[in-house]
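The analysis underlying the following values was restricted to heavy atoms, covering all of them including side chains, and did not include hydrogens, waters or symmetry mates. Owing to the predicted nature of the structure, the values given are computational and were not obtained by experimental measurement. Below, chains carry the letters A, B, ... as their sequence lines are ordered, and counting in each starts from 1.
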There are 2 protein chains.
Amino acid sequence: MNTISYDIRGKIMNTYYLFFGNLANPLKIEIITELKKKPLSVLELAGKLKVEQSKLSHALCSLRNCSIVQVRQEGKKRIYELNKETIMPILEIIDRHENKFCSECKAEKSRRK
Amino acid sequence: MNTISYDIRGKIMNTYYLFFGNLANPLKIEIITELKKKPLSVLELAGKLKVEQSKLSHALCSLRNCSIVQVRQEGKKRIYELNKETIMPILEIIDRHENKFCSECKAEKSRRK
DNA sequence: ATATCATATGAAATAGTATTCATATGTTTA
DNA sequence: TAAACATATGAATACTATTTCATATGATAT
């Protein structure tokens with residue numbers, strides 16, 4: 001069930017790996033942070049994050065493939081919305097983890113800035 | 001707070017990114033799966049997963065840096081233990097996510113290039 | 001139907017991360 | 001303290017994922 005397996009082309013199939021792998025990217029974290037506030041179109045996101053449109057499209061595509069975001073058409077825009085049900089509790093767990101287990105790392109961080 | 005920042009050497013500092021990035025690796029998923037059952041030494045893990053020792057040491061080192069595992073010395077062995085408090089609920093959320101949102105993706109995945 | 005706006009896609013270039021291998025460090029036992 | 005065992009580390013290489021850029025597709029308004 002949670003073992004590593006491979007598809008016919010040798011690609012890894014494990015859900016956890018695909019899920020974490022999808023989120024292990026700074027731009028995607030920024031997208032999620034933005035979409036936590038409210039749903040946005042691609043160009044609206046591009047404006048807020050100051051990144052190129054096609055870069056966003058690629059990132060949104062993989063987030064969509066994992067159902068981390070969903071999209072709806074609105075005129076000629078495509079509005080991306082965060083699947084909060086999954087993401088929010090995970091981010092909260094990570095916040096608690098950081099506070100509980102990484103307090104020194106955080107001190108380390110602020111001392112360095 | 002949850003924005004992307006960089007340390008003095010240009011390394012990204014965001015917690016979520018570091019956390020997900022650390023887990024976005026098949027070997028680390030296998031390590032976690034093994035350590036869910038019980039704590040193990042490096043060589044015990046190497047035996048179970050059939051991977052080389054130094055490969056494991058590298059992987060365990062980064063898991064330790066994120067407090068996803070902790071280690072204790074026992075004779076000449078170092079016993080690695082999973083920090084279940086953080087990981088277990090996250091994996092459960094991902095399981096639910098997969099069941100609820102990715103029933104089609106599973107088919108999709110195998111079709112992917 | 002065409003022009004325009006909005007987004008997606010493919011492929012090559014690039015950046016980021018893991019693996020490998022040789023070797024170093026640490027711990028116990030004889 | 002030397003030998004054996006267990007693990008860690010650094011650096012080069014191999015891999016994989018992202019970025020970029022040119023272009024394609026889809027939607028709407030005229």
Side-chain angles (χ1 to χ4, degrees), chain A residues 4 6-7 9-14 17-32 35 39-66 68-81, chain B residues 4 6-7 9-14 17-32 35 39-66 68-81 109 111-113:
Chain A
I4 307 292
Y6 299 86
D7 73 6
R9 289 164 195 88
K11 279 274 170 193
I12 290 169
M13 292 283 291
N14 178 276
Y17 167 67
L18 294 172
F19 191 89
F20 292 130
N22 202 345
L23 293 170
N25 173 276
L27 175 58
K28 288 176 190 169
I29 298 296
E30 292 192 287
I31 290 173
I32 287 170
L35 294 185
L40 293 170
S41 74
V42 179
L43 282 187
E44 285 169 335
L45 264 174
K48 300 219 182 232
L49 302 180
K50 291 170 181 39
V51 297
E52 198 213 350
Q53 171 268 317
S54 79
K55 195 173 163 180
L56 270 174
S57 275
H58 280 296
L60 288 167
C61 176
S62 56
L63 290 174
R64 224 171 44 214
N65 284 339
C66 264
I68 293 162
V69 301
Q70 54 187 51
V71 65
R72 65 170 189 276
Q73 194 80 29
E74 212 168 80
K76 27 184 147 172
K77 296 183 178 173
R78 309 196 78 197
I79 308 297
Y80 281 85
E81 181 160 10
Chain B
I4 308 292
Y6 299 85
D7 74 6
R9 288 166 196 87
K11 280 274 169 196
I12 290 169
M13 293 285 290
N14 178 275
Y17 167 66
L18 294 173
F19 191 89
F20 292 131
N22 202 345
L23 293 170
N25 174 276
L27 175 58
K28 288 177 190 166
I29 299 296
E30 292 193 287
I31 290 172
I32 288 170
L35 294 185
L40 293 171
S41 75
V42 180
L43 283 188
E44 285 168 335
L45 264 174
K48 300 218 181 233
L49 303 180
K50 291 173 180 40
V51 297
E52 198 212 350
Q53 171 268 317
S54 80
K55 195 173 163 180
L56 270 174
S57 274
H58 280 296
L60 288 167
C61 176
S62 56
L63 290 173
R64 221 171 47 215
N65 285 339
C66 263
I68 294 163
V69 302
Q70 55 187 49
V71 64
R72 65 171 189 277
Q73 194 81 29
E74 212 169 79
K76 30 183 146 172
K77 296 183 177 173
R78 309 196 79 197
I79 308 296
Y80 280 86
E81 181 161 10
K109 266 191 240 163
R111 221 174 302 133
R112 249 173 37 179
K113 62 166 176 193

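- The structure places CG of A/Leu45 at 10.0 Å from OG of A/Ser57, a figure rounded to the nearest 0.5 Å.
- Taking a centre distance below 5.5 Å and an interplanar angle below 30 degrees as the stacking criterion, B/His58 does not stack against the six-membered base ring of C/dT19.
- We find that NZ of B/Lys77 is positioned 19 Å from P of D/dA4, with the value rounded to whole Å.
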For residues 69-80 of chain B, which side-chain N or O atoms pair as donor and acceptor with protein atoms under 3.5 Å away, sequence neighbours left out?
residue : atom : partner : partner atom : Å
B/Arg72 : NE   : B/Glu74 : OE2          : 3.3
B/Arg72 : NH1  : B/Glu81 : OE1          : 3.3
B/Arg72 : NH2  : B/Glu74 : OE2          : 3.4
B/Gln73 : OE1  : B/Arg78 : NE           : 3.2
B/Gln73 : NE2  : B/Gly75 : O            : 3.3
B/Tyr80 : OH   : B/Arg64 : NH1          : 2.6

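- For the OP1/OP2 pair of D/dT7 and a distance below 4.0 Å, the side-chain nitrogens and oxygens of B/Ser41 include at least one atom meeting the criterion.
- Distances shorter than 4.0 Å separate some side-chain N or O of B/Lys28 from OP1 or OP2 on C/dA18.
- For the atom pair B/Tyr17 OH and B/Ile12 CD1, the distance stands at 4.5 Å (nearest 0.5 Å).
- Counting non-hydrogen atoms under 4.0 angstrom, B/Ser54 reaches a base of the nucleic acid.
- When the side-chain nitrogen and oxygen atoms of A/Tyr17 are compared with OP1 and OP2 of D/dA17, one or more of them lie within a distance under 4.0 Å.
- If you take CD1 on A/Ile68 and CD1 on A/Ile32, they are separated by 6.0 Å, rounding to the nearest 0.5 Å.
- Atoms NZ (A/Lys55) and P (D/dA17) sit 17 Å apart, rounded to a whole Å.
- Note on A/Tyr80: every side-chain N or O is 4.0 Å or more away from OP1 and OP2 of C/dA6.
- Comparing B/Ser57 and A/Ala59 against DNA chain D, the residue whose closest nucleotide sits nearer the 5' end is B/Ser57.
- Rounding to the nearest 0.5 Å gives a distance of 9.5 Å between CG of A/Asn14 and CZ of A/Phe20.
- Counting any heavy atom pair closer than 4.0 Å across all strands shown, A/Phe20 reaches no nucleic acid atom.
- Using a distance-only test at 3.5 Å, with no hydrogens or angles considered, no donor-acceptor pair links the side chain of B/Lys28 to the main chain of B/Leu63.
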Classify every nucleotide of nucleotides 23-30 of chain C by which part a protein heavy atom approaches to under 4.0 Å, writing B for the base, S for the sugar-phosphate alone and - for neither, in 5'-to-3' order. ----SS--
